[in-house]
Each structure stands twice: as C-alpha cells, then as structure tokens.
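Let me begin by presenting the structure, written as structure tokens, before commenting on it.
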2 protein chains.
Amino acid sequence: MAPKIVSRSTLHRLPLYLNYLRSLSVDARTTISATAIAAALQLGEVQVRKDLASISVSGRPRIGYRISDLIEELMSFLGYADRNDAVIIGTGKLGRALLDYAGFGDYGLNIVAGFDVDPFLTERTDGRKAVFSMEQFPDLCRRMKIQLGILTVPAAVAQETCDLMVEHGIRAILNFTPVHLRVPETVLVQDVDIAAMLAVLSSRLLEYENGMKIKGDQKR
Amino acid sequence: MAPKIVSRSTLHRLPLYLNYLRSLSVDARTTISATAIAAALQLGEVQVRKDLASISVSGRPRIGYRISDLIEELMSFLGYADRNDAVIIGTGKLGRALLDYAGFGDYGLNIVAGFDVDPFLTERTDGRKAVFSMEQFPDLCRRMKIQLGILTVPAAVAQETCDLMVEHGIRAILNFTPVHLRVPETVLVQDVDIAAMLAVLSSRLLEYENGMKIKGDQKR
DNA sequence: AGCATATCGATAAAAGCATATCGATATGCT
DNA sequence: AGCATATCGATATGCTTTTATCGATATGCT
C-alpha cells in the first residue's frame with residue numbers, strides 16, 4: 001500500500017474538487033482539463049494538477065482527466081467510500097441542527113445519534129434521530145466503535161466533555177466550541193469557531209477600505 | 001493611521017488568544033507572559049510574541065503583557081469594538097440555529113434578522129429574531145447598511161442568492177454551502193463546509209493508523 | 001503526413017510561515 | 001549594589017507551499 005503523502009492545504013482542497021465535479025451533470029463530456037477546474041474554482045491550474053497528481057490520478061495531454069475516475073479516486077481517498085459513523089455531543093440549537101442535517105450522507109458520513117445531559121432535550125425524539133442521555137454514551141460509543149465526534153456543548157463544559165469522549169475511544173473531534181481543547185497526541189481536533197470566523201471576516205473587511213491589512217490576501 | 005500588516009495565519013490565531021484571555025478570571029494576576037499563553041494554547045512562545053507584536057501590543061521583560069491591554073487591543077483590532085450587523089440568508093435548520101445562537105454578542109456581532117423564500121419559515125417568529133421574506137431583503141439591507149451576510153441556503157440556489165447579496169451591498173459572506181462562490185474582487189468569502197471538514201478529519205484519521213498521510217501534521 | 005495547439009508532468013524559483021538563536025531589559029534575591 | 005533569571009524583541013535559518021517555466025505528448029486540422 002502506497003502511503004500517499006499529501007500536504008494539509010492540498011487535503012483541504014480535495015473536497016472542493018469533488019464538490020465541483022459532482023456538480024457537473026454526468027452526461028457532460030466525460031473528461032475535464034485541469035485548466036477548466038482551475039478556472040471554475042479560481043485556483044492556479046498548476047496547483048490543481050499537483051493536487052490531483054498527489055492522489056495518483058493521471059491525465060492525458062489535450063484530453064484532461066476522466067471525470068468519473070477523478071470522482072472515484074477522490075471519494076476513495078477522502079474516505080467517502082467506507083461509511084464513517086459519527087456522534088454529536090451536545091444537542092442544543094446547533095447540535096440539533098447538525099443532527100437533522102440530511103446532507104452528510106453524500107460525504108460518506110453517518111450521524112448515528114446525539115447525546116446530551118439535559119433530559120428535556122433527550123426525550124424529544126419525534127421521528128428524528130435519537131438523542132440519548134450522556135450516561136449511555138460510553139456503552140454505545142464502544143459497541144459501535146465510533147471514532148468521530150462532533151462537539152457542540154457550552155464552552156464551560158467543553159474540556160471535560162472532550163476528555164470523556166477521548167476516554168471512550170473517540171479519535172477525531174470536530175470542535176464547535178471556542179475553547180482550545182487539550183487532547184492526547186493520538187487524537188485529532190478540527191476547530192470550527194463560527195463566531196471567530198465572522199470576526200475574522202469583519203476584520204478583513206474593516207481594513208479593506210483603508211488599505212490592505214492582510215498580507216497575500218488577494219489572489220487572482 | 002498605521003496600516004498594520006498581519007499574515008493570514010496570524011489573523012486566524014488572534015481570536016484564539018482573545019478567547020483564552022477572556023477565559024481567565026479578571027481577578028487573576030493582571031499580567032501574563034507569552035510563554036504562559038503559548039503553553040496554554042500549545043503554540044510556540046515565539047510565535048505568540050510575534051503575533052502580539054504585529055498588532056502593536058508591547059510587553060515588558062520579566063513581566064509579560066497586561067491582560068486588559070491585550071484584550072482591548074485584540075478586540076479593537078478584530079473589530080469587536082464597533083458593533084457589526086449581519087444577516088442570515090436561508091433559515092432552514094442551520095440558519096435558524098445560528099439565528100437563535102446567543103453567543104455572537106461577545107464577538108461584537110449583531111445578527112439583525114433572517115431571510116428566507118419559504119413563507120412558512122418566515123412567519124414562525126415566536127419570540128425569536130424575525131425572519132423576513134426575501135422580497136424585503138434589498139430594502140432592509142440597504143437601509144441598515146449591512147455588510148456581513150451568512151449564507152445557509154440549499155446548494156442549488158447558493159450562487160444566485162450570493163449574487164443577490166452582492167448586488168445589495170453585502171461585502172463579506174460566511175458561506176455554509178458546499179459550492180464555490182464567484183464574487184467580485186471587492187467581496188470577501190469565508191467558506192465553512194462542515195461536511196468537508198468532517199471528511200477531512202475522517203481522512204486524516206484513516207491514514208493515521210497506517211502511517212502518516214499528511215505532511216507536517218504533528219507538531220511538538 | 002506534418003504542423004499548430006492544448007494540456008500534462010516535472011523541475012526550479014519565490015514567497016510565506018514557523019522555528020531557533022541571541023542580545024537586551026527588567027525584576028527579585030542575596 | 002550586584003548577580004541570577006525570566007522574558008521580550010529582533011535577526012537568521014529552515015521548511016512548506018505556491019507560482020513560474022520548460023519540455024513532452026497527444027489531438028485535430030490542413
């Protein structure tokens with residue numbers, strides 16, 4: 001098995017490619033050039049080629065890449081092929097919304113269930129995905145060998161909840177809380193601080209009028 | 001006015017610092033060293049100093065930085081000081097959750113209202129923030145000089161909705177749809193593809209067992 | 001058949017970012 | 001007062017990522 005090595009920034013672009021390719025109707029011409037992809041996604045054409053090459057997809061001059069091949073390779077590489085089970089801890093507004101979101105299936109993700117300490121939230125399972133009490137978390141988690149957890153609890157209990165998740169076998173955490181989680185080296189954390197993102201946006205915007213604050217911001 | 005120049009990666013770390021500093025109780029020692037911050041956030045101490053220096057905050061040897069000064073500078077730099085109005089377009093599950101989320105205030109953000117084409121969603125304003133019909137968007141948007149928009153519509157209508165936003169004065173978009181938005185150069189877009197993030201996580205996880213796919217992943 | 005053109009793949013150069021190192025400065029202890 | 005120590009600020013080094021350049025290859029047109 002070739003241990004393909006991909007840079008982190010490349011890895012984050014791959015879903016972009018996949019999304020775009022999927023958006024093309026299947027009966028379109030079955031082949032596409034790196035140039036076209038680059039133009040659509042406003043990236044450098046060389047970068048696209050490099051990214052695609054890094055996951056061992058190969059194109060032909062004057063022809064480009066077979067779209068179906070690309071999609072297949074991207075999906076397999078990103079693990080969309082094998083269904084990945086995940087749980088959501090904390091079913092407040094945001095957690096509930098994610099739990100009900102139907103679109104994860106396209107990404108090979110299966111949200112198994114939600115968990116919450118609040119009994120009120122745990123009982124309202126009217127036809128939608130079940131929300132369990134936190135006491136049931138350890139058992140269900142181990143039995144189903146869940147590795148992916150989405151953390152949407154209040155900031156105050158974020159770290160302790162995180163510790164609990166790690167303790168019971170969670171290996172990767174999508175962290176929606178604004179706290180920096182401390183985890184063992186073997187556990188992966190991806191932060192999604194929406195408020196911070198908005199703030200960064202507004203900050204970039206702020207100085208956009210009075211002359212460029214961010215370095216290397218605008219790229220053709 | 002000094003046109004401070006900050007690298008993009010620095011800009012994304014600044015909210016982290018601010019969050020952490022805020023989490024310290026105010027009656028803690030009023031001063032903190034870059035070393036301490038670095039340890040708490042698991043960053044290099046030099047990097048922390050560089051970041052802080054880039055927003056013109058200055059510390060004293062053996063003492064460190066005054067926490068209150070840091071917080072103040074960070075807030076002003078990130079634009080948390082002046083209230084920033086924002087709107088949410090598309091009030092499905094996710095949009096509704098964000099609309100009801102109370103925590104944005106701490107970030108200087110004020111979600112003014114939501115908009116949606118679906119009349120059913122627009123009428124259910126039981127005590128929460130109002131959701132207006134899309135027809136009212138242009139007027140309200142211009143009158144209140146909204147510059148920030150959160151896009152949470154279905155992928156199929158993402159681009160056209162985006163165009164509408166841009167047309168009516170939105171200057172920065174937080175994009176929750178998985179499509180790559182085409183905007184004029186003067187408009188900023190920040191993508192938040194949750195599904196893709198999960199996929200990236202699971203992908204990193206996947207190869208974490210059979211030997212390192214991602215380059216430069218583990219630090220320290 | 002041969003030439004023009006579009007596209008790929010690889011190598012090289014440049015830029016951006018992170019990390020290490022060193023001197024300077026301020027505090028506290030003896 | 002003087003020394004040890006912690007911390008800052010600045011410079012320099014190395015690594016990663018992006019961008020540019022060049023030759024190779026395949027298609028289509030004359």
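In what follows, every chain begins at residue 1, and chains take the letters A, B, ... in the order their sequences are listed. Just so it is clear, the values below take in all heavy atoms, side chains as well, and ignore hydrogens, waters and symmetry mates.
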*Any side-chain N or O of B:Arg60 less than 4.0 Å from the OP1 or OP2 oxygen of C:dT25?*
no

_Base paired to C:dC22 (Watson-Crick or G-U; both N/O distances under 3.5 angstrom)_ = D:dG9

*asked:* Checking base pairs now: Watson-Crick or wobble, both atom distances under 3.5 Å. What partners D:dC29?
replied: C:dG2

*Length of the CG-P vector between B:Leu43 and C:dC17, whole Å*: 15 Å

*Is the shortest heavy-atom distance from the side chain of B:Pro154 to the side chain of B:Thr177 under 4.5 Å?*
no

_For the CZ atom of B:Arg66 and the OG atom of B:Ser58, what is their distance to the nearest 0.5 Å?_
12.5 Å

_Atom pair distance, as rounded to whole Å: CD in A:Glu45 and C1' in D:dT21_ = 12 Å

_Without decimals, in angstroms, what is the distance between B:Ile63 CD1 and C:dT25 C1'?_
11 Å

_B:Val46, nearest nucleotide to its side chain (from C:dC17, C:dA10, C:dA20)_ = C:dA20

*Between A:Lys50 (NZ) and D:dT18 (P), how many Å, whole number?*
8 Å

*Please tell me if the side chains of A:Tyr17 and A:Leu52 come closer than 4.5 Å, counting only heavy atoms from C-beta onward.*
yes

*Is the shortest heavy-atom distance from the side chain of B:Leu198 to the side chain of A:Leu148 under 4.5 Å?*
yes

_Distance in angstrom units between A:Leu70 CG and C:dC8 P, rounded_ = 10 Å

*Measure the distance from CG on B:Asp51 to P on D:dG9 and round it to the nearest whole Å.*
13 Å

*When all nucleic acid strands are considered with a 4.0 Å heavy-atom cut-off, which category describes B:Ala34: base, sugar-phosphate, or nothing?*
sugar-phosphate

*Pair partner, D:dT18 [Watson-Crick or wobble, under 3.5 Å]*: C:dA13

*asked:* Using side-chain heavy atoms (C-beta onward) and a distance below 4.5 Å, is B:Ile194 in contact with A:Leu98?
replied: yes

*Can a side chain N or O of A:Ser58 be found less than 4.0 Å away from OP1 or OP2 on C:dC8?*
no

*Would you indicate, yes or no, if C:dC29 has its OP1 or OP2 atom less than 4.0 angstrom from a side-chain nitrogen or oxygen of B:Arg62?*
no

*Would you tell me if any nitrogen or oxygen in the side chain of B:Ser9 comes within less than 4.0 Å of OP1 or OP2 on C:dG16?*
no

*Can you tell me the distance, in whole Å, between the CZ atom of A:Arg49 and the P atom of D:dT21?*
14 Å

*For the pair made of CD in A:Gln47 and P in C:dC8, what is the distance, rounded to whole Å?*
15 Å

